[in-house]
Amino acid sequence: MIKTVNMQKLYTTEDVETTALNNVNIHIEKGEFVSIMGPSGCGKSTLLNILGLLDNPSSGEYHFVGHEVSKFSERQRAQLRKENIGFVFQSFNLIDELTVFENVELPLLYLGYGAGDRKKRVHEVLEKMEIMHREGHFPQQLSGGQQQRVAVARAIVGNPKIILADEPTGNLDSAHGDEVMTLLTELNAQGTTVVMVTHSPTYAEYGNRIIHLFDGHVVTENLKEKFHV
């Protein structure tokens, strides 16, 4: 599903060239739950942005669902992104002016779903996330755990092949963090590929494989158990 070959990402200013990723080679198969760990500044977010087709590498190859996408245009990346990827962010990234229902509905508008299909699908995922009773509320009326449930609902409403989660428990207490990890584990058990960046060794253990980054390099990979297919 995902494969990088000698992938590099350089950031250049007038005076300094910084190597964010250096010869990164990873392979993520359909149905895996992969945790990515490493200290701040090691390249985790840069890697996730490239995997999520939000950015292009400076050199090397990136193969995503059968396409070599390293030189794709923004329009090409956007098309693949909306058809295949759901994002979950540490800061939730919900739109304050929209209700829970409207926040979750948004990806379906971009995908061209009709009104009836949108309502049916949004209600399905709100029920699944146990947040249906809040569909008419606004994000600021919800707890942190509830907001992250809405964010997960929005990520999965379009039935993406892969979920990319960037520190999804970073702004949550341990109880709500455990809830989000349980949700991601359940989605993975149902066949969704999950790639998660985390600082937490405890939450990293939810993955069947842990990739450790340091100074833009993959330094170790720990395979824990057979994943779901």
Side-chain angles (χ1 to χ4, degrees), residues 1-30 32-95 106-107 110-111 151-152 154-158 160-171 184 192-199 204 207 209-219 221:
M1 175 167 271
I2 283 175
K3 181 182 179 183
T4 70
V5 181
N6 297 330
M7 192 170 71
Q8 288 193 304
K9 183 63 181 181
L10 307 177
Y11 293 104
T12 304
T13 65
E14 290 183 3
D15 304 313
V16 179
E17 182 176 87
T18 303
T19 301
L21 296 174
N22 192 5
N23 289 328
V24 171
N25 294 279
I26 61 174
H27 188 188
I28 299 171
E29 295 187 40
K30 183 176 184 289
E32 281 198 275
F33 188 146
V34 176
S35 301
I36 299 174
M37 295 194 71
S40 296
C42 73
K44 299 188 304 296
S45 292
T46 299
L47 176 59
L48 205 68
N49 282 341
I50 293 175
L51 296 185
L53 304 170
L54 297 171
D55 199 1
N56 273 338
S58 302
S59 63
E61 300 176 11
Y62 176 30
H63 299 264
F64 179 78
V65 294
H67 302 273
E68 207 291 286
V69 300
S70 59
K71 299 296 188 292
F72 270 28
S73 67
E74 169 53 28
R75 175 177 289 184
Q76 290 172 307
R77 293 200 310 270
Q79 186 65 32
L80 271 181
R81 195 164 58 233
K82 73 180 184 181
E83 291 174 352
N84 294 282
I85 301 173
F87 292 93
V88 181
F89 302 97
Q90 175 178 348
S91 56
F92 315 138
N93 285 9
L94 300 175
I95 299 173
L106 205 55
Y110 293 129
L111 289 169
V152 173
R154 183 185 57 190
I156 67 171
V157 71
K161 295 181 176 69
I162 182 169
I163 289 178
L164 299 180
D166 190 1
E167 296 284 358
T169 62
N171 285 335
L184 291 177
T192 304
T193 305
V194 178
V195 181
M196 176 184 69
V197 163
T198 182
H199 278 101
R209 183 154 57 102
I210 304 173
I211 295 174
H212 295 268
L213 288 183
F214 187 77
D215 286 348
H217 295 273
V218 174
V219 290
E221 287 193 50

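Computed from a prediction, not measured in an experiment: that's the story for all the values here.
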Quiz item: Could you go step by step and tell me if Thr18 and Leu10 meet the side-chain contact (heavy atoms from CB on, under 4.5 Å) rule?
Solution: CA-CA 6 Å; Thr18 303; Leu10 307 177; over 6 Å; no
Practice problem: Decide side-chain contact (heavy atoms from CB on, under 4.5 Å) for Leu213 and Val219; before the verdict, give the C-alpha distance in whole Å, the side-chain angles of both, and the deciding distance to 0.1 Å. | Solution: CA-CA 6 Å; Leu213 288 183; Val219 290; over 6 Å; no
Quiz item: Between Met196 and Glu167, is a side-chain contact (heavy atoms from CB on, under 4.5 Å) present by the stated rule, with each step listed?
Solution: CA-CA 7 Å; Met196 176 184 69; Glu167 296 284 358; over 6 Å; no
Exercise. Check the pair Cys42 / His217 against side-chain contact (heavy atoms from CB on, under 4.5 Å), numbers first and verdict last.
Key: CA-CA 8 Å; Cys42 73; His217 295 273; over 6 Å; no
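Annotation: side chain of Met7 is in contact with side chain of Leu21 (closest heavy-atom distance under 4.5 Å). Using a 4.5 Å heavy-atom cutoff, the side chains of Pro160 and Ile85 are not in contact. Ile211 places none of its side-chain heavy atoms less than 4.5 Å from the side chain of Leu47. Under the 4.5 Å side-chain criterion, counting only non-hydrogen atoms from C-beta, Arg81 is in contact with Phe87. Residues Asp166 and Ser45 meet the side-chain proximity criterion, which asks for heavy atoms closer than 4.5 Å.
Across Ile26, Ile163, Ile28, a single residue satisfies side-chain contact (heavy atoms from CB on, under 4.5 Å) together with Val195, and that is Ile28. Considering Arg75, Gln76, Glu83 as possible partners of Gln79, the one that fulfils the side-chain hydrogen bond (donor to acceptor under 3.5 Å, both in side chains) test is Glu83.
Closest non-hydrogen pair, Arg209 versus Glu32, comes out as NH2-OE1, 2.8 Å. For Leu184 against Ala165, the heavy-atom pair with the smallest separation is CD1-CB, 4.4 Å.
One side chain, Asn93 or Ser91, offers a donor N or O that lies under 3.5 Å from an acceptor on the other. A donor atom on one side chain and an acceptor atom on the other are found under 3.5 Å apart for Asn22 and Gln8.
The CG atom of Leu80 sits 11.0 Å away from the NZ atom of Lys82 when rounded to the nearest 0.5 Å. Once rounded to the nearest 0.5 Å, the distance linking NE2 of His27 with CD1 of Ile2 reads 9.5 Å. Residue Leu164 holds its CG atom at 4.5 Å from CD1 of Ile162, rounded to the nearest 0.5 Å. To the nearest 0.5 angstrom, Lys161 atom NZ is 10.0 Å from Thr193 atom OG1. To the nearest 0.5 angstrom, Thr46 atom OG1 is 11.5 Å from Leu54 atom CG. Taking CD1 of Ile95 as the start and CZ of Arg154 as the end, the distance is 7.0 Å to the nearest 0.5 Å.
Within the 3.5 Å criterion, the main-chain N or O of Val24 finds a donor-acceptor partner in the side chain of Thr4. Between the side chain of Lys9 and the backbone N or O of Ile50 there is no donor-acceptor pair closer than 3.5 Å. Counting only distance, with no hydrogens or angles, the side chain of Asn6 and the backbone of Asn25 share no donor-acceptor pair below 3.5 Å.
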List the atom pairs, donor and acceptor, that lie under 3.5 Å between side-chain atoms in residues 63-70 and the rest of the protein, sequence neighbours left out.
{"residue": "His63", "atom": "NE2", "partner": "Glu61", "partner atom": "OE1", "Å": "2.7"}
{"residue": "Glu68", "atom": "OE1", "partner": "Ser70", "partner atom": "OG", "Å": "3.0"}
{"residue": "Glu68", "atom": "OE2", "partner": "Tyr62", "partner atom": "N", "Å": "2.9"}
{"residue": "Glu68", "atom": "OE2", "partner": "Ser70", "partner atom": "N", "Å": "3.2"}
{"residue": "Glu68", "atom": "OE2", "partner": "Ser70", "partner atom": "OG", "Å": "2.9"}

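Summarising the local packing, CZ of Phe214 is surrounded by 12 or fewer heavy atoms from other residues, nucleotides or ligands at distances under 6.0 Å.
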